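What follows is a short report on a single structure.
No hydrogens, no waters, no symmetry mates; every other heavy atom, side chains included, goes into these values. Just so it is clear, the model here is predicted, and its values are computed rather than measured. Labels below follow one simple rule: chain letters A, B, ... track the order of the sequence lines, proteins then strands, and each chain is numbered from 1.
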Amino acid sequence: MEVVGSHRRIPAAAHVVPTLPLYRSAPELEVRLEDFELFAIYRLRVLKGISDGLSRGKTPDDMKKLVEDLLRENMSHPQASEDSNKDIISHFVLRLVYCRTEELRKWFLSMETTLFRYRFQLQSAEVQRAVIAENDLPCKAVSNAEFENVKEKLHQVSRHIGQSIPTADMIFYKVPFEEVPELVASRRVFILKGYAYVATNQVSSHVVTQFRSYLSKALVLTSRKWTSTIKEREKDRLTPIVEALSTSYLGPDYSQPREFADISLKDIDQVAKSSFPLCMRHLFDKLREDHHLKHGGRMQLGLFLKGVGLKLDDALAFWKAEFSHKVGAERFDKEYAYGIRHNYGKEGKRTDYTPYSCQKIISSTPGVGDHHGCPFRHFSEENLRAAIGKMGVGNRAMEDVIDKVRNRHYQLACTLTFEAVHGSSCDAGINHPNQYFIDSQKILQKGASQEQTGTKGDGTHTGLPALHQSKV
Amino acid sequence: MSREEAENGRDNMEIDGCEPQTPQGNAVLDANFLKIYYGKLFPHEDIFKWMSYGNDGKHPGCDQSYFGRREFSFTLENDIYLRYQSFNSLSELEKSINEKCPVKIDVGPVYNVDPAKRNAYAKAGDNGFTPVERELIFDLDINDYNDVRYCCSGNDVCLDCWSLMTAAIKVIDTALRDDFGFDHILWVYSGRRGVHCWVCDRKARRLNNEQRAAIAGYLHVYKGNEYGHKKVSLTGPLHPFLARSYNEVLKDIFEERLLCGQKLFSSEERFEKILEMIPDESITSELRGKWLESRQSSRLKEDINVVRWGQLKHILQSRKHKGLHRCVEEIVFCYAYPRLDMEVSKHMNHLLKAPFCVHPKTGRVCVPIDPNHCEEFDPTTVPTLSKLLGELNVGGLSAVGDDGLYGTSLGRSIRYFRSHFLQPLLKSCKEEIESSYNAKLRESKNSLRW
């Protein structure tokens, strides 16, 4: 793919491919610099929309609809023949943008794979077959004799996942189970001696896995190429665009405390009460109560506190004070201090880890004895009502929150909780626990300064316009 | 294991004057004892042979660097934690263990390069230092069942609640062999209150994180925590794997071991927890009424837990209520289905304690468990460090058996490890090395011809 300046060129129109592209190689096209950036922004809107959909826990059917809408809104081109080029160009631009760190690659890989999965499902059977044919599938159809042997089990699985009973003329493929991890993880296939029996209509999982593994490898290669040559060669042209694109949409990562740096230990209880989102408040309370948190909880709360501005030494003192009650100071130093220093980039790989975003927290799977995760998603309704009641959310607001939860809008539920607790609106919505914290602190400090200068409001519905002008 | 044997085990500990579980949980590992254990009994060579997977042989297809790329990590007595230890030979491994005398040895993945030199490679950018092979591992801890066991709490474990581990071993072992087709599986007692599982087939060692997560997900049924929703929810007919687990293992364990062993229906608090899982008010109040009344009435001959479970099953299975026919199964799954620590299995770079370590708190040796006879395993009679040293004293150091184990009670465990795990494993490793070497040769010949 070549990028040309803003003088207009006629793109090579012969490259219109009607099926779903697999993005195996960059197209031999010339792209105008404006399109380079513009197409990428459109595709980012699609990926961001998918990311939001996932974090709301949308069902596969809702996701399919969402992807269809997002594509129609963003990915069509005034000239229909250009649709496919826009698709391919934008994909390869974003590959450059998101190849550069592990974190970016992970996000991009996950969103592109999701996009591909639903796009594949939206295709006609004919196109699907063509895509399957493009992949070299190491699977073979199950013979009739073999089908008879496992018929009973295949029936059981079909009934288990609510599909029609398979008949002898239905084709099943025998695939090494490693090739269809999604179907295995959700027990949607029968597995015998290392082979999964995949029905024709389930083959998409296989195609998606191949797409994902190919893209994953390609991203690593692109990353190497980027650091070794492209970055320097394009430093006046593409590099600034590429670097701006990745941050402009993903939002800040909150790994470094910003405006309200330095929370000291003595203030932490006060601040927890006033400005922690429910997920962190729950962890914090449980830590105070049990003097212990399991790994998932330590990570979620620990990184959040780092983002809030708790210094490493204070963090060690904070965790030690609690854990000592339960396991003793000695065992703390031995078993837990390492993990905390690790979070601050002082051990092991020495990566400065970033606090978890809402999406990550919502998609976690807390088990027995765990307290991490998103309470709006993982609590039962009864427990959730009690928890937000304790935060001071009144009856009417509570019903609104619960309503959002029922519709799986967990971040919106959190946003409404924020608004009810602070008596102030939050138009941007809550996307990150550390953002909740910063926004909360802004409102509280503003309130405090107003009190001092004597322009005290009633603390519930004032000062909104000014607040929203300040950059969040 | 018979009661007599169990008592003998306890007697021995007393004679040694080294009761493993002191109230404060003080370390029972005397450094000198541990030194003798590593020097005389710890099977260094078996561990080395195992982790070499045939690459220590003379065949030209052997990868001589293989064992040296494995991460070991040691916890020393004074709380020093040494990660990224690596060894190029059996003698290096043995020497380091004997010298450092770690209270715990953990085993990590095999990396692409020697972990001792990781810093030099880490700077090379992506994939400079990355795990390439790791056994598929599972970690089960009886602590995760605390809400369904009433016999013990905290770190304690007895034969009654151990049946939960027995159920877990059976369910997971069968799935790994029959469903996933793995052959080389080692189950190990974790030394206190859980079990570890090592799946060592070549295919298992090379799974990526996503594939590991898929297997863990397949085996994962019990979800949520005390704040969450229903913990087990089964919809529609059971998947063949769950149906088999229920019919062959869980139902029996629940009715024969847990029901009376844990006295699941013996008090109001306990049966209320079970009634909570039945979504039909009329049924729960009918049962509750019956049970509250029968508390006052005269004692029945039959065990109260068995009677009440029978009543519950009868009422749920006789009524044609929609959505209730899964309820009996849900209760059984909730109380008996394995609860995995998912994170351990999902990632390649998780460390796991090596077999044959001595648990620092209990003094028990982490011995292998035979999954075919796991119901006979009794954690309270596992050889302890002090027992073994006592046996060494009695037997005298001169009385070396032909297996070099001085006739101690560890002998049985090591013999099992060799005959049922190590030998079959090394045999198939050898075949794999030879066949992949031959395939490579053929390939290079073909390419020469072209």
Side-chain angles (χ1 to χ4, degrees), chain A residues 102 152-162 176-188 190-195 209 212-213 220-221 223-224 227-228 282 295-296 328 330-331 333-335 338 347-350 365-371 373 375 378-381 383-384 387, chain B residues 24-25 75 78-81 83-84 118 122 125-127 129 143-148 175 177-182 201 203 206-208 210-231 234-243 339-343:
Chain A
E102 176 82 38
E152 189 112 338
K153 304 287 181 194
L154 296 178
H155 281 188
Q156 244 176 309
V157 175
S158 303
R159 274 182 285 136
H160 172 65
I161 58 177
F177 77 87
E178 312 94 280
E179 304 279 337
V180 284
E182 290 167 58
L183 296 176
V184 172
S186 52
R187 285 191 294 268
R188 297 174 67 79
F190 173 60
I191 310 177
L192 182 66
K193 287 284 171 202
Y195 286 93
T209 305
R212 187 194 160 93
S213 88
V220 171
L221 290 179
S223 161
R224 282 198 199 132
T227 31
S228 64
H282 177 62
H295 178 259
E330 206 175 296
R331 227 185 110 197
D333 290 339
K334 180 178 146 200
E335 288 176 28
Y338 180 91
E347 298 279 2
K349 261 205 301 189
R350 298 186 179 264
T365 50
V368 196
D370 277 331
H371 297 295
H378 297 113
F379 277 20
S380 66
E381 191 177 312
N383 283 320
L384 182 60
Chain B
Q24 294 85 17
T75 310
N78 38 4
D79 292 346
I80 295 173
Y81 196 49
R83 280 202 63 180
Y84 301 117
R118 69 194 177 283
D126 288 296
N127 296 338
F129 178 61
N143 247 4
D144 289 330
Y145 295 82
N146 279 347
D147 60 319
V148 293
R177 289 177 204 274
D178 294 357
D179 300 359
F180 293 103
F182 295 125
D201 296 57
K203 193 164 137 180
R206 294 180 178 189
L207 293 170
N208 65 30
E210 195 195 359
Q211 292 159 341
R212 284 164 205 263
I215 296 175
Y218 181 82
L219 299 172
H220 185 57
V221 170
Y222 186 90
K223 292 188 177 125
N225 51 29
E226 68 216 80
Y227 289 89
H229 309 270
K230 209 164 178 183
K231 283 154 185 156
L234 307 169
T235 45
L238 292 180
H239 184 277
F241 155 61
L242 296 181
R339 300 180 180 187
L340 285 175
D341 184 340
M342 297 281 284
E343 293 306 314

- prompt: Partners of B/Asp178 by salt bridge (Lys or Arg N to Asp or Glu O under 4.0 Å), sequence neighbours excluded?
  reply: none
message: Taking side chain as everything from C-beta outward and backbone as N, CA, C, O, which of these in A/Glu330 sits under 4.5 Å from a heavy atom of chain B? Side chain, backbone, both or neither.
response: both
Residue B/Leu207 versus chain A: region with a heavy atom under 4.5 Å: side chain
- request: Taking all heavy atoms of B/Ala214 and all of A/Val184, pick out the closest pair and write down the distance.
  value: O-CG1, 3.7 Å
- prompt: Can you name the closest pair of heavy atoms from B/Asp144 and A/Val368 and give their distance?
  reply: O-CG1, 3.5 Å
query: For B/Asp179 and A/Ile191, which heavy atoms make the closest approach, and how far apart are they?
result: O-CG2, 3.1 Å
- request: Tell me, for B/Ile80 versus chain A, whether the close heavy atoms (under 4.5 Å) come from the side chain, the backbone, both or neither.
  value: neither
Nearest atoms (heavy-atom pairs only) where B/Gly217 meets A/Arg187: O-NH1, 3.7 Å
- request: Quick one: closest heavy-atom pair of B/Thr75 and A/Lys334, and the distance?
  value: CG2-CE, 3.8 Å
- request: Mind ranking B/Arg177, B/Glu343, B/Lys203 by heavy-atom pairs under 4.5 Å with chain A and telling me who comes out on top?
  value: B/Lys203
- request: Answer whether the closest heavy-atom distance between the side chains of B/Met342 and A/Thr365 falls below 4.5 Å.
  value: no
- prompt: Listed by chain and number, what are the ring-ring contact (aromatic ring centres under 6.0 Å, His included) partners of B/Tyr218, not counting sequence neighbours?
  reply: B/Phe180, B/His239, B/Phe241
